[in-house]
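Since the structure comes first, as C-alpha cells, the remarks are kept for the end.
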Amino acid sequence: MSSEQKVDIKVMVTSDRLKASVVLVQNQNGVDLTFENVMNKLRENKIAFGIDEEAIKRLIENPVFGTPVVVAQGKPPGKPVDGKLIYHFDIKREIRPKELPDGRVDYKDLGIVQNVRKDDILVTMIDPVDGEDGMDVFGGVIRGQKGRKINLPRGKNTYIDADGHTLKAACDGQVCIIEGKVTVLNTLEIDSDIDNSTGNINFVGNVHIKGSVLSGFKVVAEGNIEVDGIVEAAEIEAKGNVVLHKGITGMGKGKVVAGKSVFAKFIENATVVAGEDIQAEAIVHSDIKCGNKLILVGRKASIVGGSCKVGREIEAKVIGSYLSTTTEIEVGVDPLMVEKYREIKKEILQLKENIKKCDQGIEVLRKIEAAGHLTDDKREMLQKFTRSKIMASERLKELQSEYEEIEKRLEERNEGIIKVQDTVYPGVKITIGNVCKLIKEPVKILQNLQEKMLISR
C-alpha cells in the first residue's frame with residue numbers, strides 16, 4: 001500500500017469491552033495509513049490491553065475499508081466452579097436381591113438398610129473455585145464470578161467436623177436423606193411386615209417393626225428389637241432387649257436371642273435365649289434359657305412342655321398340664337454359662353490336638369534340617385508350624401484361664417428358686433441346683449418349691 005493513501009481511522013469497542021476493532025474509511029484529507037498512526041488512534045481511545053500488532057501490520061499491508069477489523073482482545077474472566085458435595089453412602093440405593101457365589105439369588109438379602117457407625121464420614125464438602133479475573137481492552141479488571149457454595153446438609157444425629165468440610169455420624173444407625181438433610185436414625189422403623197418386600201434386616205441401632213416377621217426371615221440389631229405383630233418361624237437377634245407384643249409361634253424353627261431380656265405375650269414352639277430375664281404370659285413346647293429370671297405373668301402364667309433352664313428364679317401359676325406333658329425345669333445354674341463352658345472345653349481340646357500336630361511336624365522337619373536336607377519349601381513349612389504353635393499356645397493359655405474361672409463359678413451353684421402360685425402337674429421334672437425331682441402327682445399351691453423339695457428328700 002502506498003504511503004500516500006489517506007484514511008480516517010475509527011475505533012470501535014464491543015459492549016463487553018473485550019474487543020476493539022479498527023474501521024478504515026478512505027479520505028484524502030485523512031492521515032497516512034501507518035502502524036504508528038493506528039497505534040496513536042488506539043491510544044487516543046484508551047486501548048491499552050491485548051493489542052494485536054500482527055493484525056495491525058496485516059491491515060496496513062492489505063487494507064480493508066468499511067469493515068471492522070479486530071486489533072485488540074481483552075481477557076475474559078474465567079468460569080467459576082461451584083462447590084459440590086461428595087456423599088460417602090449410596091443416595092440412590094436400589095433395592096435388589098443379592099446374587100450368591102453359586103449363581104442363586106437371595107431374595108431375603110435386599111440391603112435396604114445402610115448402617116453407619118459413630119464418627120463415620122457421611123458427606124465431604126468441596127469448596128467452590130471463583131472464576132479468574134479478566135481484563136478488558138482498556139486495561140480494566142473484569143472480576144471473575146464467584147463459585148456457588150453448597151453447605152453441608154446436616155440433619156439429626158450428625159455433626160460437622162472441626163475442619164468445617166466434613167459431615168459425620170453422631171451415633172450408630174441408619175443413614176438416609178430426609179427433606180434434603182442427611183440424617184442418622186438410631187431406631188429403624190418398618191411400617192410393614194418383614195417379608196420378601198423388605199428382606200432380612202441387619203441394623204446397628206434399635207429396630208421397631210410395626211408388622212409381623214414372617215417365616216424364614218431374620219432380624220438382627222445391635223440395640224433393641226420391638227415387634228408389634230406376630231413372629232413366625234423366624235430369627236430375632238438383639239444385643240439389647242427384645243419385645244414381642246403378640247408373641248412368637250416358632251413352628252419348631254423360630255428363635256429369639258437377646259443379650260439382655262425378652263418380653264413376649266406368648267412363646268410357642270420356639271427357642272428363646274436371654275442373657276438376663278424372660279417374661280411371658282404363656283410358654284408352650286419351647287426351649288427356654290436365661291441367665292437370671294423366668295417370669296410368667298397374666299391370667300395363664302403357665303409353662304407347658306419343652307425345657308426351661310434358668311439361672312436364678314422361675315415364677316409361674318402353672319407348670320405342666322393335666323395331660324402329664326413332659327416339661328423340664330432347671331434352675332440354679334446359668335445355662336448360658338454352661339454352654340460357654342462346654343464350648344471352651346471343646347476349643348481347648350481342639351487347640352491341644354493342633355499343638356500336638358505342630359510338634360510332630362516340627363520334630364520331623366528339625367531332623368531333616370539336622371541332616372542338611374531342608375529345602376526352601378520345607379523351611380517355610382517349619383516356620384508355618386512354629387507360628388501356628390505359638391498362636392495356638394497363646395490362645396490355649398487365655399482359654400484355660402477363662403475355663404477355670406467359669407468352672408469355679410459353676411461349682412458355687414446358686415440355690416435356685418421356683419415360685420408356683422397354683423399347680424405343678426405330673427410329667428414335670430424339676431432340678432434345683434443339685435436336687436432333682438420328677439413330679440408324679442399334682443402339687444398344689446407351692447409358694448417356694450425349693451423348700452418343698454428339700455423337705456421331701
Side-chain angles (χ1 to χ4, degrees), residues 98-104 106 108-109 115 117 119-120 172 200 202 204 218 220-222 235 237-239 253 255-260 271-276 287-292 307 309-311 328 330-414 416 431 433-434 436:
K98 181 179 179 181
E99 185 173 346
L100 301 174
D102 61 4
R104 292 182 296 115
D106 184 357
K108 295 177 182 176
D109 189 353
N115 289 316
R117 297 287 187 184
D119 299 324
D120 277 357
D172 294 349
N200 296 328
N202 191 328
V204 296
K218 186 173 184 178
V220 179
E222 293 192 12
E235 292 184 47
E237 185 177 328
K239 288 187 177 178
K253 295 180 180 179
K255 186 174 183 179
V256 177
V257 178
K260 293 185 178 178
T271 297
V272 179
V273 180
E276 296 178 2
D287 183 6
I288 305 297
K289 293 176 183 175
C290 64
N292 193 38
S307 168
K309 297 180 179 179
V310 181
E328 294 186 4
E330 184 177 325
V331 66
V333 179
D334 185 344
L336 305 181
M337 190 182 296
V338 172
E339 280 190 9
K340 190 173 184 180
Y341 178 78
R342 289 170 181 164
E343 288 171 3
I344 291 174
K345 185 176 182 179
K346 184 178 178 181
E347 189 176 349
I348 286 174
L349 292 173
Q350 186 62 54
L351 285 169
K352 287 181 176 179
E353 183 63 27
N354 291 344
I355 291 170
K356 182 179 177 182
K357 289 179 180 178
C358 287
D359 284 336
Q360 290 170 347
I362 291 169
E363 184 180 358
V364 171
L365 292 169
R366 288 294 186 199
K367 288 179 180 179
I368 296 173
E369 183 181 36
H373 301 304
L374 195 66
T375 62
D376 289 342
D377 288 345
K378 292 287 192 293
R379 183 171 285 105
E380 186 177 339
M381 192 181 296
L382 176 60
Q383 292 172 351
K384 185 178 178 180
F385 275 132
T386 304
R387 285 195 300 269
S388 296
K389 180 183 177 180
I390 291 171
M391 292 174 64
S393 298
E394 289 176 352
R395 176 64 177 159
L396 179 61
K397 187 177 179 181
E398 292 174 7
L399 287 179
Q400 283 176 329
S401 176
E402 191 173 357
Y403 181 80
E404 290 169 4
E405 179 63 27
I406 293 176
E407 192 172 43
K408 184 178 178 182
R409 290 169 65 182
L410 289 175
E411 287 173 356
E412 300 170 353
R413 291 191 173 198
N414 297 311
T431 302
N434 295 317
C436 182

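Note that the coordinates shown come from a computational prediction; the quantities given were computed from them, not determined experimentally.
- Here CE of M391 is found 10.5 Å from CG of L351. Values are rounded to the nearest 0.5 Å.
- Rounded to the nearest 0.5 angstrom, I348 CD1 and K346 NZ are separated by 13.5 Å.
- Nearest heavy atom pair, residue C436 against residue T431, reads SG-OG1, 3.6 Å.
- For the atom pair CD1 of I362 and OG1 of T386, the computed distance is 4.0 Å after rounding to the nearest 0.5 Å.
- The residues D376 and R379 are annotated as salt-bridged, a charged nitrogen and a carboxylate oxygen being separated by less than 4.0 angstrom.
- Closest approach of F385 and C358 over heavy atoms only: O-SG, 3.8 Å.
- Judged purely by atom type and a 3.5 angstrom limit, N115 uses its side chain to pair as donor or acceptor with the backbone of V204.
- For the pair N202/N200, no side-chain contact is recorded, criterion being any heavy-atom separation below 4.5 Å from C-beta on.
- To the nearest 0.5 angstrom, L365 atom CG is 12.0 Å from E380 atom CD.
- Proximity of E347 to R395: side-chain heavy atoms (C-beta onward) are separated by under 4.5 Å at one or more points.
- Between atom CG of residue L396 and atom CD1 of residue I355 there is a gap of 5.0 Å, rounded to the nearest 0.5 Å.
- Residue K378 holds its NZ atom at 12.0 Å from NE2 of H373, rounded to the nearest 0.5 Å.
- A salt bridge links E369 with R366: the distance from a Lys NZ or Arg NE/NH1/NH2 to an Asp or Glu carboxylate oxygen falls below 4.0 Å.
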